[in-house]
Amino acid sequence: MFTLPPLPYAYDALEPYIDAQTMEIHHSKHHQAYIDKLNAAVTGTEREEKPLDELLQTLPLLPDSVKSTVKNHGGWHRNHTFFWQIITPGGATPSDNFLAIINENFGWFDSFKEQFTTAALSNFGSGRTRVIKKHDELEIVNTPNQNNPLMDHQKAILGIDLREHAYYLKNQNRRADYITNRRNIVDWNKVEELYNK
Ligand code: MN
């Protein structure tokens with residue numbers, strides 16, 4: 001059975017960039033609901049003991065009746081677990097080494113932020129915008145809904161949840177404010193760790 005991973009910080013620790021009520025509902029209600037539906041779908045199948053990543057990379061092995069539920073809710077579970085771990089109260093600035101990698105791939109840090117924001121603003125609906133590591137190159141990629149780069153055997157090192165439940169209580173329709181606020185809480189140490197993994 002999959003369980004909700006505890007957050008490594010309090011719900012109000014990301015204030016003022018993400019408010020406590022949004023964090024609490026997003027984590028304890030939305031994320032929990034994805035896990036509950038995932039558990040209900042895999043329980044009783046031959047794949048129920050499989051770790052999440054393996055499950056998502058071998059979707060065709062599931063019975064047809066649960067395939068899309070596992071893809072959707074398993075994908076969302078994976079995406080949310082990822083999302084929580086790359087943010088941290090107060091944020092962390094990139095190391096000089098990692099800044100050099102960003103500069104190499106995107107021109108310079110400000111240009112990266114601009115490109116990422118432009119992609120996120122153009123990502124229609126409830127998708128995610130991510131930075132993907134492909135071989136040694138970094139690329140900004142938009143995906144819809146539950147899709148996870150893992151399903152395409154790619155590795156994400158940074159991403160943002162663009163579903164309205166991630167920001168609506170505080171920012172309402174102002175997605176751009178949410179994207180800009182989020183810059184202040186990115187844990188660049190964690191992003192670098194994922195890059196090097
Ligand atoms: Mn979400």
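Whatever order the structure lists ligands and atoms in, that order sets their numbers, starting from 1. Computed from heavy atoms alone, side chains included, the values below leave out hydrogens, waters and symmetry copies.
- Using a cut-off of 2.8 Å, one finds that His30 contributes no N/O/S atom close to the Mn ion (ligand 1).
- Geometrically, Lys170 does not engage Tyr178 in a cation-pi contact, judged by NZ or CZ lying under 6.0 Å from the ring centre and within 45° of the ring axis.
- Here His26 reaches the Mn ion (ligand 1): one of its N/O/S atoms is less than 2.8 Å from the metal.
- The local environment of NZ in Lys37 is sparse, with at most 12 non-hydrogen atoms from other residues, nucleotides or ligands closer than 6.0 Å.
- With respect to the Mn ion (ligand 1), Asp161 has OD2 as its nearest N, O or S atom.
- Side-chain contact check for Arg163 and Asn79: no donor-acceptor pair (N or O, by modelled atom type) lies under 3.5 Å.
- Inspection of the Glu193 and Asn189 side chains reveals no N or O donor paired with an N or O acceptor under 3.5 Å.
- Within His80, the N, O or S atom lying nearest to the Mn ion (ligand 1) carries the name NE2.
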